[in-house]
**Q** 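The following block contains the structure, expressed as structure tokens.
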Amino acid sequence: MAAMNMIQAINSAIDTTMERDENVVVFGEDVGYFGGVFRCTAGLQKKYGKKRVFDSPISEGGIMATAIGMGVYGLRPVTEIQFADYIYPAFDQLVSEAARLRYRSGGEFFAPLTVRSPCGGGIFGGQTHSQSPESMFTHVCGLKTVMPSNPYDAKGLLITAIEDDDPVVFFEPKRIYNGPFDGHHERPLTPWSKHAMGEVPEAYYKIPLGKAAIVRPGEKLTVITYGTMVHVCLAAVEQAQVDAEVIDLRSLLPLDLDTIVDSVKKTGRCVIVHEATRTCGFGAELMAVVQENCFWSLEAPIERVTGWDTPYPHALEWAYFPGPDRVAKALKKVAEA
Amino acid sequence: MAAMNMIQAINSAIDTTMERDENVVVFGEDVGYFGGVFRCTAGLQKKYGKKRVFDSPISEGGIMATAIGMGVYGLRPVTEIQFADYIYPAFDQLVSEAARLRYRSGGEFFAPLTVRSPCGGGIFGGQTHSQSPESMFTHVCGLKTVMPSNPYDAKGLLITAIEDDDPVVFFEPKRIYNGPFDGHHERPLTPWSKHAMGEVPEAYYKIPLGKAAIVRPGEKLTVITYGTMVHVCLAAVEQAQVDAEVIDLRSLLPLDLDTIVDSVKKTGRCVIVHEATRTCGFGAELMAVVQENCFWSLEAPIERVTGWDTPYPHALEWAYFPGPDRVAKALKKVAEA
Amino acid sequence: MSDGTTLPPLSLHIPEPKARPGEAPDFGEMHLSPAGAVQRPAATAPETDLRFYPYQLIRVLDDEHQALGDWDPKLDTQTLLKGLRYMMLTRAYDERMVLVQRQGKTSFYMKSTGEEAVAVAQAMALDRGDMLFPSYRQQGLLVARDWPLLDMMCQVLNNHRDRLKGRQLPVMYSARDAGFFSISGNLGTQFPQAVGWAMASALKGDTRIAAAWVGDGTTAEGDFHHALTFASVYQAPVLLNVVNNQWAISTFQGFAGGERATFAQRALGFGIPGMRVDGNDFLAVYAVTAWAAERARRNLGPTLIELVTYRAAPHSTSDDPSAYRPQTEAAQWPLGDPIDRLMRHLVACGHWNEARHQALTRELDDYVKAQLKEAESHGTLGTSKHSPDSMFEDVFKDVPIHLQRQRREMQEG
Amino acid sequence: MSDGTTLPPLSLHIPEPKARPGEAPDFGEMHLSPAGAVQRPAATAPETDLRFYPYQLIRVLDDEHQALGDWDPKLDTQTLLKGLRYMMLTRAYDERMVLVQRQGKTSFYMKSTGEEAVAVAQAMALDRGDMLFPSYRQQGLLVARDWPLLDMMCQVLNNHRDRLKGRQLPVMYSARDAGFFSISGNLGTQFPQAVGWAMASALKGDTRIAAAWVGDGTTAEGDFHHALTFASVYQAPVLLNVVNNQWAISTFQGFAGGERATFAQRALGFGIPGMRVDGNDFLAVYAVTAWAAERARRNLGPTLIELVTYRAAPHSTSDDPSAYRPQTEAAQWPLGDPIDRLMRHLVACGHWNEARHQALTRELDDYVKAQLKEAESHGTLGTSKHSPDSMFEDVFKDVPIHLQRQRREMQEG
Ligand SMILES: Cc1ncc(C[n+]2csc(CCOP(=O)(O)OP(=O)(O)O)c2C)c(N)n1
Ligand SMILES: Cc1ncc(C[n+]2csc(CCOP(=O)(O)OP(=O)(O)O)c2C)c(N)n1
Ligand SMILES: [Mg+2]
Ligand SMILES: [Mg+2]
């Protein structure tokens, strides 16, 4: 075991899979010699050589397309899209191609690729370095979508993603790369080395996709969330002094419906929290499945706490970010409804 | 007034706006000399000349980008994406650019463009000529998303869309171009000329975005739907013999929340129907808003009837399509729950 | 700053084909290099020596059906006869399948009429292990790789023998065992994918190369650019083919840039060879393909090949070209018909004659009919299909819980 | 089919810059045409006469700071001094704003150091009514259009005087009144948008043309291709500029194709002129821009211009280039520094001297400081901002009901 932040855990996951499987190759903008603008691939080119870890042209569409071709050949490409905000030029290749290849070819061809991409705000990235576009991918059948909330999960989930024979979009909330940011931006950040989930085995291990984690058991209400918001929700639960059960989804698709349903049936109340814009965000789907499966147990309306339906404004970032105050307010409201 | 099918109504809407505003220009793949693969722009090049109605390279991204530039100049471009399935190469320009331009420039620049695109299945188009990707656009703040269900609405909504100063994605369910298809694919199609909404004024008129239509008043439950599914739902209501109120949203964003909430508060029951794949489809958002706003009035779980979470298979199209049987079953289930 | 001279107002250029319905076809501006006129460089020639090729048209067969010049691949008669047979079989297949569509036994079909030399000669010039990333108009690749027509027909008919489980539009074949990649309905996406496959092959020290095809119209998509960029940067062993058949549904190639430049010229921007070849000349297509393949195999990187041909048939069974081009244009296409030209060459060489040609035509037609009979015995669109349950398979490797639930929901009706 | 010769296995080429940290910079392979060596064609020359230009480098100023050859725009001294002043002001501004960022008064900054001639000379060669679609490294365009530094600073500081309401990352300016399009964080998107604007101008019979800029790295995006395609097809009156500053964050221009071809060569594939110019030579940049603008104004269509320069500063304040390139590379860049070169030219012509230069440097620095003082008096990032309510404006023209509701929700806390 070693203390790792998210960046190190992600690096370790790639390193581990590269060591075990020589078909794993890594490429993307600035990921080779330099090791990525967030340093997630640092040292890998040196260790595995330029043929397995290399820089790419600035062409997200080209990256995705060539990754598909490599996957069809038999490699396991792990690509990086430098910011989730820049994944759209690759959208067609992901949605029309990677996601449908197995289906349209009757299972003959498939592209086992993993797309890593830092997402989310809270780093003064402005409207083009802060987005959380996960629900655009969860809408696409044939893609799996993952978002870890801590180093331990990040490593285990990423190894699973890389070894998965389906295309996986792996979003990394960059605000928690260095520590479990809880939304209190005015306070100093606790580093991962002080957090239990910052203890990461150096060896190989996997966390299955489609298994949520109950990060705080509770009786009064259920909080469903993922990514950075897990930590914000935990802070909000403290703040609101509500005995909430907090579920960290970890993987959005496949979704761990059982854990959600069991919890809401138990508590009868539910708050859904994400950083993405509200309308048609993943929270809408969560609200739908909770409503469909737990209707008769619900004692109060489900609430959503989300980013506003606006771009992420640079200077007003903290007015935009769904911080602990907003979450706590929702918790109290739902608990008391 | 004239009997028009959807294609003629759309053509008439463009014609009407082109006549009134010389800044309206029309371009896209095959829309110029030939008049569009579905003939929606037939005759317009002849009438307005090659400078206002012209063919384009096969480059959805280029079409969208140049339309933005033209919009910034002061034109009102009306572009066609030949099939909604082919809108993804234009996704970045729509999502990152058209949708955010006004915001990021503090209101200095904007792109008043209209993107028309035939969507939906039921024409044996297979997995790449059948998609309904509307919920990817409703998630994007800064875009308006419209889908008419009949010629009268199509013309009025399209004129509004073209004159709107915000970018509008205008989806045309191609299965109902020629008649109000109700999902009974084994029966002959009634043409629009036999339908009240096929009576379309030749003159200019507008239908506001964000106003739903109650196409069938009822007391027992509320059906929320749009596009082709409006007609399927009406057939299903007959079949199920349930006194349902059927709401045709017409515009998804802006959404007519008041009409929805009033209806569900009245009926206490709700079924949501769309052709798009289920997970994170627009139905999820509808379920969310109904749940948020009508929780205390709901007497039964809301049900979704949707396309399955698979690509649209060519030969199994009618197993995929959410036809009247499936809808009727849901209506009965919710009515009796 | 401009010098103050008053210039006329700006005006926009909208491309226009030389002739529209009712007008006489006009190929006057098409510059044709005479057969044999363009020299064949060594396969190892540096790109700097090749910059003149995109402006030429490589041709081997002349108007008297003789093979001229050093691009003549000097194929043996057996190979030529094989090529002829494959092209004729492709055409017979196309003709028959359009009838099938007209009979309502399937929903859609796309012919490759007039372009058969492209797919057939290229398939023959490549090795069987090379991986092909086609568009929807290279059925000839499958034919030339001896892929069973029956399999193709079952796909078109979407019956229960369709290996693609009725999911794809007709003609969107996939044949892994033929090294033939699943055809996408989305134009151009396969072009950069082929580059990725070739990169992987090179990464692994393999010997197999890749080839991909797009139409003239499709060159306008971003994916075309991504393919050229990645192929050039990593010197991927790939042949990037542009089938310039003059039309993209109703728009002529001027709307893809063809009024200003050849499509082979695009290669110049990436420092890779761009070869322009008479696409209806079986020998020339074969020779250029073999030349580019040799370069790729020698780690000399990618080649862009423009194949100049003519889409003699409608775009698809949904299209009626009489609405946008002169009806006689195909007949007046200056590069003729590929089958006809190879046939006459063989006749001129004394290896073939009219009688044998007619016999072969009949034989192939009978063969296609027999295959079709068998294919139809497995059913046609609507009369036979895969079970609805299969709809939920292959979305993912394993059927996830939410799809299992939806399958159950469907089963319950 | 391959001839059976056994070839070595395939291998993949991964580009590598000539030198990495710790190694000596190496520009040996860079081919520099001597100043004055490349002829200036008439602005009305047909594209067929221009195909040689992408392989050249147009230069006017020689090593003795003399202006040579027929590309010399023969600008009057006043214009040259203006150009010098704008470049120096741009540099002074950049230097100061980096300090501001270091002081934590804003989050981010991007310098254009070493590339000032590109934006300044191009802005001066264009007309004030022409529309500019810049990337984030052409702040010199605003400076050369006399746009108030104060306005730019308030944007960078994101204070309540920021016209963009604190929404954009610093340096993502927008200035409609300066004919300066809103900068996008997404690379390359503005390139085809500029083409659309130019198409509209031509459609309307206007006289204004458009110009757009992307970096070398950005040429790999599909949008670059879309821009060239549409510009070529419709012969749009637009200047498409590629600022080849050798680096894209940590990747050298070889990863965009620069190992195999110049970026100007891309024009050859579209039948439009591609001009390659010494981007650190104010006179050459001015001349080539004026030439291309004249073509566009005469309805002779678009030009692609590659401006060869060097990104002397880090990519942004978040970047540390010592991790990926030799620290002395900028100093050894063979095309020198644009300000230095124009200054020496003016000195050589007797219009300038060291003392005046130092005085101007001080004057501009004082000016920037004074402007900054005023800008900071309106607040800095975090100390002053637009009201949170403003966050809901401009998503749409009018605030729709759902955003009104969300605004209320926010107000209620
Ligand atoms: C991304 C995308 N856009 C549009 C279409 C619709 N479409 C299908 S074929 C075609 C024309 C293609 O022309 P070309 O590339 O010249 O190929 P050809 O049909 O001539 O072989 C178009 C526009 C599509 N299938 N995919
Ligand atoms: C679509 C997109 N992909 C990636 C990025 C991240 N990014 C910002 S600047 C940059 C490098 C651009 O290099 P170049 O085009 O050469 O311009 P330069 O910075 O040298 O002026 C990258 C990769 C982005 N902003 N947008
Ligand atoms: Mg074509
Ligand atoms: Mg650069």
**Q** Give, as side chain, backbone, both or neither, the part of D:Ile14 having an atom under 4.5 angstrom from any heavy atom of chain A.
**A** both

**Q** Would you say the ring centers of A:Tyr86 and A:His129 fall short of 6.0 Å from each other?
**A** yes

**Q** Could you tell me which non-hydrogen atom of D:Ala256 sits nearest to which non-hydrogen atom of D:Thr219, and how far apart they are?
**A** CB-OG1, 3.8 Å

**Q** So which atom in A:Glu29 and which in A:Ile63 form the shortest heavy-atom distance, rounded to 0.1 Å?
**A** OE2-CD1, 3.8 Å

**Q** Return the option, out of D:Leu169, D:Asp394, D:Leu187, D:Asp223, with the maximum number of heavy-atom pairs under 4.5 Å with chain A.
**A** D:Leu169

**Q** Give, as side chain, backbone, both or neither, the part of A:Ser56 having an atom under 4.5 angstrom from any heavy atom of chain D.
**A** backbone

**Q** Pick whichever of A:Thr310, A:Ile123, A:Val37, A:Asp85 has the most heavy-atom pairs under 4.5 Å with chain D.
**A** A:Thr310

**Q** Does D:Ser316 reach the side chain of D:Phe108, with side-chain heavy atoms less than 4.5 Å apart?
**A** yes

**Q** Begin with the C-alpha distance, continue with both residues' side-chain angles, and end with the deciding distance and a verdict on ring pair (Phe, Tyr, Trp, His ring centres under 6.0 Å) for D:Tyr109 and D:Tyr136.
**A** CA-CA 10 Å; D:Tyr109 192 75; D:Tyr136 47 71; over 10 Å; no

**Q** When heavy-atom pairs shorter than 4.5 Å are enumerated against chain A, which of D:Arg407, D:Gln406, D:His13 gives the highest number?
**A** D:Gln406

**Q** Where does A:Phe54 contact chain D at under 4.5 Å (heavy atoms): side chain, backbone, both or neither?
**A** side chain

**Q** Identify whether the distance between the nearest side-chain nitrogen and carboxylate oxygen of A:Arg175 and A:Glu275 falls below 4.0 Å.
**A** no

**Q** Check whether D:His315 gets within reach of chain A through its side chain, its backbone, both or neither, counting any heavy atom under 4.5 Å.
**A** neither

**Q** In terms of heavy-atom proximity below 4.5 Å to chain D, should A:Ser59 be classed as side chain, backbone, both, or neither?
**A** both

**Q** Do you know which of A:Phe124, A:Tyr312, A:Trp308 has the most heavy-atom pairs with chain D at a distance under 4.5 angstrom?
**A** A:Trp308

**Q** Check A:Phe171, A:Tyr88, A:Phe282 against A:Phe137 for a ring pair (Phe, Tyr, Trp, His ring centres under 6.0 Å) and give me the one that passes.
**A** A:Phe171

**Q** With a 4.5 Å heavy-atom cut-off, do A:Lys174 and A:Phe83 have their side chains touching?
**A** yes

**Q** Do A:Asp309 and A:Thr279 get their side chains close enough for a donor-acceptor pair, meaning under 3.5 Å?
**A** yes

**Q** Cut-off 3.5 Å, side chains only: do D:Tyr310 and D:Glu329 have a donor facing an acceptor?
**A** yes

**Q** Answer whether the closest heavy-atom distance between the side chains of A:Leu113 and A:Thr79 falls below 4.5 Å.
**A** no

**Q** Given a strict heavy-atom distance threshold of 4.5 Å, which part of D:Pro321 is in contact with chain A: side chain, backbone, both, or neither?
**A** neither

**Q** Between D:Pro170, D:Ser184, D:Ala220, D:Ala248, which shows the greatest number of heavy-atom pairs under 4.5 Å with chain A?
**A** D:Ala220

**Q** So which residue, A:Gly126, A:Pro313, A:Gly35, A:Gly61, ends up with the most heavy-atom pairs under 4.5 Å with chain D?
**A** A:Pro313

**Q** Who in residues 316-337 of chain A is close to chain D, using a strict under-4.5 Å heavy-atom cut-off?
**A** A:Leu316, A:Ala319, A:Tyr320, A:Lys329

